[in-house]
There are 2 protein chains.
Amino acid sequence: MSFPLIRKLENYVQLAEAEKRSLLQADMLVRDVDARLDIVREHQEIEGATLLLEGFACRYKLLPDGRRQILGYMIPGDMCDPRIFLLDRMDHAIATLSRAKIAVWPRKAVLGLTSIYPRITRAFWWCALVDEGITREWLVSLGQRTALERLSHLVCELYFRLRAIDLVRGNSFDFPVTQAELGDTLGLSAVHVNRTLQDMRRERLVRLMGRRLTVLNLDALRTIAMFDPNYLHLNAKSGHSRVSSEREKKAE
Amino acid sequence: MSFPLIRKLENYVQLAEAEKRSLLQADMLVRDVDARLDIVREHQEIEGATLLLEGFACRYKLLPDGRRQILGYMIPGDMCDPRIFLLDRMDHAIATLSRAKIAVWPRKAVLGLTSIYPRITRAFWWCALVDEGITREWLVSLGQRTALERLSHLVCELYFRLRAIDLVRGNSFDFPVTQAELGDTLGLSAVHVNRTLQDMRRERLVRLMGRRLTVLNLDALRTIAMFDPNYLHLNAKSGHSRVSSEREKKAE
DNA sequence: CGACTATTTGATAGGACTCAACCTCCGTGG
DNA sequence: CCACGGAGGTTGAGTCCTATCAAATAGTCG
């Protein structure tokens with residue numbers, strides 16, 4: 001159930017069996033949600049942590065005139081807000097991008113768990129730090145990178161993040177995001193996303209069909225995007241340096 | 001000395017006299033730094049908190065080819081990293097924009113203080129949350145707003161942040177940032193910043209001369225930028241709702 | 001098979017960039 | 001005290017990347 005969370009946390013700290021068990025047995029309310037629905041609304045009060053178990057979601061903000069900026073993607077194992085400890089209200093919203101399974105985790109249960117296991121608290125803070133790092137890197141993308149570079153960077157980021165929770169099969173992963181949503185993510189129009197994507201296919205960088213994305217040439221993508229996975233802080237504590245190796249088995 | 005820090009923290013929590021005193025007497029190493037120098041470097045190990053006492057600084061990231069994105073401005077009272085508690089290495093750099101006075105605060109001293117005064121810890125976390133909110137709002141700017149909107153938004157943000165630490169005199173404040181730096185901040189070329197600034201002067205929105213910026217029409221700026229100060233989380237705890245009132249005395 | 005929703009394509013427009021020159025302000029030093 | 005040099009600001013011209021608008025095509029789902 002909360003396996004992706006554990007897989008993710010283990011990128012940051014080494015968890016003891018007891019800790020994993022209590023995460024697995026945590027008192028959560030699991031719920032299925034359709035695609036394109038708000039999970040957490042702006043200004044909403046926070047009564048607990050929301051955990052994404054399956055599917056994709058995104059943080060976003062709307063401008064009064066309807067323009068939307070997506071602030072980050074959430075993948076299984078991500079918490080909507082690891083800072084329930086002190087935040088009172090959301091200053092942005094969260095919506096599903098695909099059909100998803102979420103768990104609502106009452107504040108009390110979280111606080112209980114984290115007071116028993118400081119290592120879990122530590123791991124949660126790490127998650128928050130990584131999220132921040134991602135946001136900063138997106139700022140670099142929107143501020144400095146061209147359309148091609150932005151798309152390439154995003155693909156690299158998702159590839160690494162999804163691989164860290166074992167959601168990459170061969171070189172491909174589910175990618176239930178429309179081109180319009182990519183536009184709102186990268187600060188581009190949907191039309192231009194489409195054309196850039198076509199360039200990338202033509203250059204044999206990626207294949208994208210039926211909500212599934214295949215990375216055909218990771219090295220080229222990394223070069224184009226000037227992608228440095230350091231900001232994801234993967235393999236921080238656990239030692240298995242998945243991130244550093246370039247060459248990958250290419251079966252699909 | 002650390003007055004701006006206290007003024008800032010008091011936006012978030014009510015501090016007791018003893019807490020203020022120990023902040024004032026904190027064991028810090030104060031140092032003057034010239035403009036345009038790195039305070040904290042990327043990948044650098046963190047041995048303590050660095051506090052900005054006077055002047056402006058910025059967080060930034062460089063791309064291998066030299067492009068630079070500024071990730072946020074730091075003003076007096078801001079901490080370079082309120083998360084010394086767990087972060088080991090920086091994933092971005094910090095440099096001064098003007099001549100500045102900084103205080104280096106040894107990790108041990110910070111940890112000592114925060115273990116005695118949980119309210120101070122809480123305030124530090126708030127600062128981190130606000131920083132994140134600012135970064136997210138910048139993402140919205142770079143992704144969705146036009147040049148004019150971005151500049152207007154930035155001016156509004158600085159106006160509110162500086163006012164919260166009493167650094168706005170009348171409607172004007174020190175603004176030691178070059179147009180090239182504004183470009184790196186807003187994802188625009190220096191030339192285009194220049195032209196947009198001229199438009200803003202022509203429209204009597206701001207005046208900018210000799211490193212000093214005067215806000216001539218805050219309401220118009222807010223409208224143009226679609227600025228909603230909510231993300232700054234000012235007046236969160238302390239009650240004095242400085243943020244909500246639109247109309248301001250206009251003396252200079 | 002409709003009725004959407006998403007993707008693709010074409011044509012045109014515009015915001016922002018680049019390059020290059022010129023101007024202005026200052027601090028330094030002769 | 002004025003000349004020089006450099007940094008920052010301003011202008012002009014031309015270009016390019018990306019947006020817009022519109023319409024056609026392809027997918028998806030009941």
Side-chain angles (χ1 to χ4, degrees), chain A residues 34-37 56 58 63 65-70 95-99 141-154 174-202 206-213 224, chain B residues 34-37 56 63 65-70 95-99 141-154 174-202 206-213 224-225:
Chain A
D34 274 332
R36 253 153 266 265
L37 287 179
F56 272 54
C58 67
L63 291 182
D65 65 356
R67 280 179 273 174
R68 177 173 72 150
Q69 178 62 42
I70 290 179
T96 52
L97 290 168
S98 67
R99 197 145 218 308
S141 276
L142 293 201
Q144 304 300 326
R145 290 192 249 254
T146 65
L148 175 64
E149 292 167 351
R150 290 183 212 182
L151 257 165
S152 302
H153 196 277
L154 181 65
D174 280 329
F175 189 61
V177 181
T178 67
Q179 296 183 359
E181 287 160 345
L182 277 174
D184 287 346
T185 302
L186 302 172
L188 301 167
S189 70
V191 172
H192 200 241
V193 168
N194 180 285
R195 290 181 169 133
T196 309
L197 235 24
Q198 288 179 51
D199 291 343
M200 293 175 72
R201 285 192 271 239
R202 201 170 304 123
V206 297
R207 191 160 60 208
L208 177 52
M209 34 189 306
R211 316 279 93 160
R212 197 157 179 91
L213 191 147
I224 291 170
Chain B
D34 274 332
R36 254 154 265 265
L37 288 179
F56 272 53
L63 291 183
D65 65 356
R67 279 178 273 175
R68 176 172 75 151
Q69 178 62 42
I70 290 179
T96 53
L97 290 169
S98 66
R99 196 142 218 308
S141 275
L142 294 201
Q144 303 300 325
R145 291 193 248 254
T146 64
L148 175 64
E149 292 167 351
R150 288 182 213 182
L151 257 165
S152 303
H153 196 278
L154 181 65
D174 279 330
F175 189 61
V177 182
T178 67
Q179 296 183 357
E181 286 160 346
L182 276 174
D184 287 347
T185 303
L186 302 171
L188 301 168
S189 71
V191 172
H192 199 241
V193 167
N194 180 284
R195 290 180 168 134
T196 309
L197 234 26
Q198 289 179 51
D199 291 344
M200 292 175 72
R201 286 192 271 238
R202 200 170 306 121
V206 298
R207 189 160 61 209
L208 177 52
M209 34 191 305
R211 318 277 94 159
R212 194 156 181 90
L213 190 145
I224 290 169

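Side chains included, hydrogens not; waters and symmetry mates left out as well; all remaining heavy atoms used. Here is the naming used below: chain letters follow the sequence lines, and residue numbers restart at 1 for every chain. All values reported here derive from a predicted model rather than from experimental measurement.
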Nearest whole angstrom, please: distance from the P of C:dT5 to the CG of A:L97.
17 Å
CG of B:N194 versus P of C:dG15: gap in Å, rounded?
18 Å
Please report, rounded to the nearest Å, how far the P atom of C:dT24 is from the CD atom of B:Q179.
15 Å
Is the shortest side-chain heavy-atom distance between A:S152 and A:M200 below 4.5 Å?
yes
Can you sort out the partners of A:Q144 under side-chain contact (heavy atoms from CB on, under 4.5 Å), two or more places apart, ordered by chain and number?
B:L63, B:R67, B:Q69
Any side-chain donor-acceptor pair under 3.5 Å between B:T178 and B:E181?
yes
The criterion is side chain to side chain donor-acceptor pair (under 3.5 Å); which residues satisfy it with B:S189, sequence neighbours excluded?
none
Qualifying salt bridge (charged side-chain N to carboxylate O under 4.0 Å, His left out) pairs, either residue in residues 190-201 of chain A, two or more places apart:
A:D199-A:R202
Within the 4.5 Å heavy-atom criterion, are B:I224 and B:L148 side-chain neighbours or not?
yes
Could you tell me the separation between the CG atom of B:L182 and the C1' atom of D:dT10, rounded to a whole number of Å?
15 Å
Give the rounded distance in Å between these two atoms: CZ of B:R36 and P of D:dG6.
17 Å
Distance in angstrom units between A:L197 CG and C:dT9 P, rounded
12 Å
Considering just the side-chain nitrogens and oxygens of B:Q198, establish if one lies under 4.0 Å of OP1 or OP2 belonging to D:dG9.
no
Whole angstrom value for the distance that separates P of C:dA16 from CD of B:Q144:
13 Å
Mark yes or no for whether A:R150, through its side chain, and A:R145, through its backbone, hold a donor-acceptor pair below 3.5 Å.
yes
Degree of bending, the helix from C:dC1-D:dG30 to C:dA21-D:dT10 (end axes from five pairs; round to 10°)
50°
Across all chains, not counting sequence neighbours, the side chain to side chain donor-acceptor pair (under 3.5 Å) partners of A:D174 are A:R212
Give one of base, sugar-phosphate or nothing for B:R201, where a contact means two heavy atoms less than 4.0 Å apart.
sugar-phosphate
Sub-3.5 Å donor-acceptor pair from the side chain of B:T96 to the main-chain atoms of B:L37, do we have one?
yes
Whole angstroms only, please: what is the CG-P distance between B:L151 and C:dA16?
10 Å
Taking protein heavy atoms under 4.0 Å as touching, what does nucleotides 17-30 of chain D look like 5' to 3' if B marks base contact, S marks sugar-phosphate-only contact and - marks none?
-SSBB---------
